Amino acid sequence: MKLIDGKAVSADVKASVAQENAKLREQGINVGLAVVIVGNNPASRVYVNNKKKACAEVGFESFEYALPEETTQEELITLVKKLNDDRSVNGILVQLPLPSHIDENAIINTIFPEKDVDAFHPENVGHIMIGDYAFLPCTPAGVMELIHSTGTDVCGKNCVVIGRSNIVGKPMAMLLLHEHGTVTITHSRTKNLADITSKADILVAAVGKAGFVTADMVKEGAVVIDVGMNRNAEGKLCGDVDFAACCEKASYITPVPGGVGPMTIAMLMKNTLTAAKLQNGIK
Ligand code: GUN
């Protein structure tokens with residue numbers, strides 16, 4: 001078994017973004033990302049801090065908007081519209097989940113597609129479906145980079161995704177399909193899940209349940225990617241995969257932390273750079 005080092009791969013992505021950003025700065029272009037967080041979700045707070053830190057690392061400006069839990073949908077829409085019109089802001093990221101009184105789709109639909117660095121806007125989702133896109137959703141794009149880092153060719157492989165969220169499962173399946181994988185999306189209502197996952201050459205777990213993927217669900221020699229970010233009973237960060245047991249069978253496996261997490265942020269930096277280039281007419 002070989003460990004897939006998300007920290008190392010993400011450092012490479014960020015280094016190349018930093019290099020391109022330096023060239024933009026020589027042309028007088030300063031890249032900016034607005035990060036909006038509503039309420040006090042502690043996990044969201046950590047993610048937002050990490051995103052701001054990554055901006056500083058690659059030389060982007062970040063603008064944080066930390067709004068109270070009781071912010072209304074109208075107030076949030078007003079802020080997003082202001083950021084849409086702000087030329088110093090190239091990318092807008094509204095951290096999800098939002099408090100339940102705010103309709104997430106209404107917010108996502110307000111972000112200009114050309115500033116939608118999460119690629120959550122229906123227009124960008126449509127581009128991804130067709131396979132003609134500027135932005136890829138950060139987590140699935142990061143997973144593809146990790147798979148590539150192992151030297152695995154997706155073409156013709158059995159790929160199984162566990163989870164069907166709009167953020168990970170669905171776009172993940174699309175990206176694997178674009179690379180000619182034979183893709184199965186599974187979810188909480190799937191019957192005989194282990195029968196399906198144990199045939200996967202590439203298994204991507206995005207369930208949100210600690211230790212959900214057990215060794216009997218993994219094919220000998222599979223590439224196993226763990227998108228999970230869960231806290232166990234002791235409050236320790238852990239993935240969806242029973243790592244200790246599954247690493248006996250996998251050829252490559254991602255750890256949690258240090259696997260997919262850092263990649264999501266690196267791909268966000270890449271998307272923000274792409275947004276700035278597009279907005280400035282640079283290819
Ligand atoms: N919440 C969990 N993952 C993400 C993400 O990739 N982007 C945003 N905006 N919110 C998230």
Side-chain angles (χ1 to χ4, degrees), residues 6 10 13-14 32-55 60 62-67 71 73 76-77 79-80 83-84 89-100 102-113 115-125 128 133 135-146 161 163-172 174-175 204-209 225-231 237 239-240 254 256-257 259-272 274-275:
S10 69
V13 172
K14 282 189 284 185
L33 175 68
V35 184
V36 181
I37 177 169
V38 184
N40 308 309
N41 181 319
S44 290
R45 188 67 257 167
V46 173
Y47 298 146
V48 162
N49 286 348
N50 288 341
K51 286 167 185 178
K52 281 167 50 194
K53 211 171 102 201
C55 280
F60 297 167
S62 64
F63 311 99
E64 181 182 313
Y65 294 84
L67 308 180
T71 302
Q73 182 165 313
L76 187 53
I77 286 180
L79 171 62
V80 170
L83 298 173
N84 279 341
V89 172
N90 302 107
I92 302 170
L93 180 139
V94 179
Q95 187 66 30
L96 304 180
L98 290 169
S100 56
I102 299 177
D103 174 3
E104 285 184 355
N105 285 336
I107 305 305
I108 290 168
N109 292 350
T110 305
I111 300 172
F112 278 167
K115 294 193 176 187
D116 169 37
V117 285
D118 270 320
F120 291 166
H121 189 286
E123 192 174 312
N124 286 323
V125 174
I128 292 155
Y133 39 73
F135 306 123
L136 287 178
C138 302
T139 299
V143 170
M144 295 310 291
E145 292 283 331
L146 292 178
V161 180
R164 54 171 157 181
S165 69
N166 289 333
I167 295 185
V168 184
K170 284 188 218 169
M172 187 72 249
M174 269 317 126
L175 301 196
V204 181
V207 199
K209 286 186 189 148
I225 308 285
D226 190 349
V227 182
M229 288 265 196
N230 313 297
R231 300 266 166 199
L237 195 65
D240 291 342
T254 58
V256 177
V260 175
M263 287 309 294
T264 298
I265 295 177
M267 301 319 280
L268 174 68
M269 297 301 110
K270 192 170 167 182
N271 280 350
T272 306
T274 302

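Indexing begins at 1, ligand by ligand and atom by atom, following the structure's order. Computed from a predicted model, the values in this text were never measured in an experiment.
No part of Tyr47 comes within 4.0 Å of ligand 1, judged by heavy-atom distances. Only side-chain heavy atoms of Asp118 come within less than 4.0 Å of ligand 1; its backbone N, CA, C and O stay farther off. With a heavy-atom cut-off of 4.0 Å, Val94 touches ligand 1 through its backbone alone.
Within the listing of ligand 1, atoms 5 (C), 7 (N), 8 (C), 9 (N) sit less than 4.0 angstrom from a heavy atom of Phe120.
More than 12 heavy atoms of other residues, nucleotides or ligands lie within 6.0 Å of NZ in Lys115, so this atom counts as buried by the packing criterion. With a 6.0 Å radius and a threshold of 12 heavy atoms from other residues, nucleotides or ligands, Asn40 has its CG atom at or below the threshold.
How far CD1 of Ile77 is from OG1 of Thr71: 12.5 Å, rounded to the nearest 0.5 Å.
Ligand 1 has an N or O atom lying under 3.5 Å from an N or O atom of Gln95, backbone or side chain. Residue Leu96 has at least one nitrogen or oxygen atom sitting less than 3.5 Å from a nitrogen or oxygen atom of ligand 1, judged on distance alone.
By the 4.0 Å N-to-carboxylate-O rule, Arg45 lies close enough to Glu64 to be salt-bridged with it.
Nearest approach of Met269 to Phe60, heavy atoms of both residues: O-CE1, 3.4 Å.
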